[in-house]
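First up is the structure itself, then whatever we jot down about it.
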Amino acid sequence: MASEPILTRFAPSPTGPLHLGHAYAAWVAHDLAQVAGGRFLLRIEDIDRGRSRVEWELALLSELRWLGIAWVEPVWRQSERLAAYDQALDTLWKMGLLYPCSCNRRDILAALDAPQEGVSMGPDGPVYPGTCRHKPKPKTRPSDAVLRLDMAQAMKGLGPLEFVEDALAEALGENRLEVDQLIEKTGDIVLSRRDMGTSYHLSVVVDDAAQGITLVTRGADLFDATHSHVVLQALLGLPTPRYHHHRLIRDAAGKRLAKRDDARAIATYREAGQTPDDLRVLVGLPPRKS
Ligand code: GLU
């Protein structure tokens with residue numbers, strides 16, 4: 001049987017300048033597709049309308065081109081995919097797996113402040129204590145509320161889940177997901193934010209499947225989120241791709257690069273006369289064969 005052609009993607013959020021960490025992530029996805037004779041897609045993750053800016057999107061497209069990264073058109077924008085996320089929420093709501101949550105960050109921290117219980121950290125911070133889970137639910141899905149996945153309920157129909165990690169398997173830990181661990185360590189993740197009509201977890205899962213991505217490459221900081229993504233794929237009847245979580249590019253002090261680290265912005269290196277190959281070497285990749 002012929003093996004599946006590789007389809008990878010780079011999925012930046014246009015909320016700041018593209019920096020060395022992004023360049024590395026884009027090259028990893030791009031190069032893996034290229035060596036396998038596969039294809040590479042670009043997806044703009046702009047569901048956070050408050051922080052996303054068209055200027056950042058235009059800048060990142062221009063910098064990716066300068067870096068020598070070519071993608072298969074069209075570029076997808078998550079802000080144009082809201083109907084697909086809405087449909088997925090509808091499916092999960094009809095399965096009885098979502099509930100509205102009115103807790104803010106302060107409520108969650110206060111509920112967790114029980115001295116005898118240690119606070120467990122999930123992919124989005126402290127695991128939600130479930131305060132709103134048992135409140136009476138409205139008949140129809142509210143469109144202006146935070147919606148959480150009832151993880152314990154969701155896992156009732158699912159056995160242990162697994163995914164294939166291609167890259168940092170040993171360093172990152174468990175890729176077989178036991179039901180109890182998912183409930184304890186991931187908890188009731190947010191699938192729809194009040195001002196977005198979706199969340200990172202939901203839209204990334206829906207889009208990776210809709211685009212037919214076979215290999216998801218991204219930073220090791222998103223490894224823990226992958227657990228809940230695999231749950232969502234099982235619930236929505238979507239295929240689970242392979243995963244390749246790569247190391248993170250850090251600054252001189254060992255801190256992960258953030259959008260505000262303008263010193264590491266690609267534009268800064270470019271203006272200083274560095275070449276894309278100089279930057280490849282800087283992040284530990286071989287220069288391109290010309
Ligand atoms: N949009 C996410 C970010 O910029 C990446 C999501 C992913 O690759 O799954 O961090």
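Index from 1, following the sequence. Atoms within a ligand are numbered from 1 in the order they appear, just like the ligands themselves. Atoms considered below: every heavy atom in the structure, side chains included; atoms not considered: hydrogens, waters and symmetry mates.
- For ligand 1, one of its N or O atoms has an N or O atom of R218 under 3.5 Å away.
- Figure legend: cation-pi geometry between R148 and Y128, with NZ or CZ positioned under 6.0 Å from the six-membered ring centre and within 45° of its axis.
- Short contacts between ligand 1 and E45, defined as distances under 4.0 Å to a heavy atom of the residue, involve ligand atoms 1 (N), 2 (C), 5 (C), 6 (C).
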CA sep, side-chain torsions, deciding dist, call: R43, E45, salt bridge (Lys or Arg N to Asp or Glu O under 4.0 Å): CA-CA 6 Å; R43 184 170 73 224; E45 302 215 320; 2.9 Å; yes
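- Here's the thing with V216: none of its N/O atoms is less than 3.5 angstrom from an N/O atom of ligand 1.
- For ligand 1, the atoms lying closer than 4.0 Å to a non-hydrogen atom of R9 are 7 (C), 8 (O), 9 (O).
- The six-membered or imidazole ring of Y200 lies near that of H229, with a centre-to-centre distance under 6.0 Å.
- Using a 4.0 angstrom heavy-atom cutoff, H22 does not count as in contact with ligand 1.
- Closest of all the heavy-atom pairs between V230 and E162 is CG1-O, 4.1 Å.
- Heavy atoms of F10 stay at 4.0 angstrom or farther from ligand 1.
- Remark: aromatic rings of H22 and Y24 are distant, center separation not under 6.0 Å.
- With ring centers used as reference points, H30 lies 6.0 Å or more from F10.
- Below 4.0 Å from some heavy atom of V204 lie the following atoms of ligand 1, by number and element: 9 (O).
- With ligand atoms numbered from 1 in the order given, ligand 1 contributes 6 (C), 7 (C), 9 (O) to contacts under 4.0 Å with heavy atoms of Y200.
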